There are 2 protein chains.
Amino acid sequence: MSDKRTQLENAAIDSVQRSGFNNLSFRSIASDVGIKSSSVHYYFPEKSDLAAALIEKYSVDFSDKLRAIGNRNISPKSKLDAFVKLFEDAIDDEKFCLCGMMAAEVYSLNSSNRQALLDYFQFMEDWVASILEGDNVSAFGTMKPRVLARMLVSGLEGAILIDRVDGRRDRLKSQREFIRELTKA
Amino acid sequence: MSDKRTQLENAAIDSVQRSGFNNLSFRSIASDVGIKSSSVHYYFPEKSDLAAALIEKYSVDFSDKLRAIGNRNISPKSKLDAFVKLFEDAIDDEKFCLCGMMAAEVYSLNSSNRQALLDYFQFMEDWVASILEGDNVSAFGTMKPRVLARMLVSGLEGAILIDRVDGRRDRLKSQREFIRELTKA
DNA sequence: GTCTATATACAGATAGAC
DNA sequence: GTCTATCTGTATATAGAC
């Protein structure tokens, strides 16, 4: 059993991915871990402190996963497929990407937390670009890996956003088809 | 000056595109049009009634714009560029797509309103596919127009979601590059 | 149609005891 | 660290006068 702070963060991340940061309450995560809402303020004085902790933890967990995939001795296609699977897993849990969710709620975030979101998306883009710069990846016209990486990051965030509405995976599947074309050379 | 109902809908749509449906209050739109919140209930008894009206109005306005673009005597590339410009205009007003925003907030919508969101995205996808099925559009490997259309819809929703965080257009620009490749044949 | 007034619920945040 | 108690603000929604 991890410490209370970690339990609170995990409960909060789960809640934000399902129902957003605005819908997240000190009361609800307190109840999840068996304490009172006033005690949550001991760990996170204001809600913006909680936001910062959630983005940070989610980003670190996610970048760890991407690095692990990147270090595997598999093809670029397999790496990108493993990447897409992270989004499919979220859909199966009826979850959106935490940073995608908070991007929609950007009006309720301070500038520091907005920057943290941008850092998350930038890291993802850089990771995808590094994969697309490898061998066995086909160009698409004159589009550079950087541009294709942006396409994939935007495409995956948009796909999970829409697919989550009905729980299907139609748009995520189209992203997979695109990756197949890019990596069949 | 349009009637009160229309004024309320316009104020509400603007508000949702900026700060979400959960953050929308009867009080705020009442204040926007100079009446009291209890009077808003005369037009929209419950918030779900308001949601339905907003999605409906936004969808009709949007599909009118797409049909107008489709009917112009211009190239497929120009049509898709005009399509992307709709998203750029939203970014410039610090707005997200209303249906994209409400898709993120899907947990607070009833099933009827969820279906209305899906109908919106489906219409957009069908429209893009119809453009991509025309002449002067290049295939990308074995990807069919339907799949490419899904790529563009997801990609544009994700691009505006992320770009809105810092007000830039980096990801929307990448979508434009993709369209350029598709339509340069 | 619009108002005042109100019921009910829940939010973030703080004070102070233990 | 966690609690009880409370302050203040805001939300949806309704009753009933005009």
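Values in this document were obtained by computation on a predicted structure and should not be read as measured data. Reminder, nothing fancy here: chain letters follow the sequence lines and each chain counts from 1.
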Visitor: Given C:dA11, is OP1 or OP2 found less than 4.0 Å from the side-chain N or O atoms of A:S25?
Guide: yes

Visitor: In chain order, what residues pass the ring pair (Phe, Tyr, Trp, His ring centres under 6.0 Å) check against A:F121, with sequence neighbours excluded?
Guide: none

Visitor: Has B:Y42 got a side-chain N or O lying under 4.0 Å from the OP1 or OP2 atom of C:dT2?
Guide: no

Visitor: So, is B:Y43 near the phosphate of C:dT2, with a side-chain N or O under 4.0 Å from OP1 or OP2?
Guide: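 For B:Y43, the contact criterion (side-chain N or O under 4.0 Å from OP1 or OP2 of C:dT2) is met.
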
Visitor: Would you call A:E94 and A:R164 a salt bridge, using N to O less than 4.0 angstrom?
Guide: no

Visitor: What donor-acceptor contacts under 3.5 angstrom involve side-chain atoms of residues 36-46 of chain A, with partners at least two apart or in another chain?
Guide:
| unit_1 | atom_1 | unit_2 | atom_2 | d |
| --- | --- | --- | --- | --- |
| A:H41 | ND1 | A:P45 | O | 2.8 |

Visitor: With a 4.0 Å cutoff (strictly under), does any side-chain N or O of B:K36 reach OP1 or OP2 of C:dA5?
Guide: no

Visitor: Which whole-number value in Å describes the distance from B:L50 CG to D:dT12 P?
Guide: 9 Å

Visitor: Taking only heavy atoms on the protein side, list every residue of residues 98-115 of chain B lying under 4.0 Å from any atom of DNA chain D, sorted numerically.
Guide: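 Here the set is empty: none.
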
Visitor: Below 4.0 angstrom, N of the basic side chain to O of the carboxylate: do B:D81 and B:K85 qualify?
Guide: no

Visitor: If we fit an axis to the first five pairs and another to the last five of the helix from C:dG1-D:dC18 to C:dC18-D:dG1, what angle do they make, to the nearest 10°?
Guide: 0°

Visitor: Using modelled atom types and a 3.5 Å cut-off, is there a donor and acceptor pairing between side-chain atoms of A:Q17 and backbone atoms of A:F96?
Guide: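 Yes, because the side chain of A:Q17 sits within donor-acceptor range (under 3.5 Å) of the backbone of A:F96.
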
Visitor: Check this for me: does any side-chain nitrogen of one of A:R18 and A:D14 sit under 4.0 Å from a carboxylate oxygen of the other?
Guide: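 Counted as a salt bridge, because a side-chain N and a carboxylate O are separated by less than 4.0 Å.
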
Visitor: Quick check on contacts: within residues 13-24 of chain A, what sits under 4.0 Å from DNA chain C by heavy-atom distance?
Guide: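 Within this stretch, A:L24 sit under 4.0 Å of the strand.
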
Visitor: Could you tell me whether A:R146 and A:E133 make a salt bridge, using a distance below 4.0 angstrom between a side-chain N and a carboxylate O?
Guide: no

Visitor: How would nucleotides 13-18 of chain D be written as a contact map, 5' to 3', with B for base contact, S for sugar-phosphate-only contact and - for no contact, using protein heavy atoms under 4.0 Å?
Guide: BB----

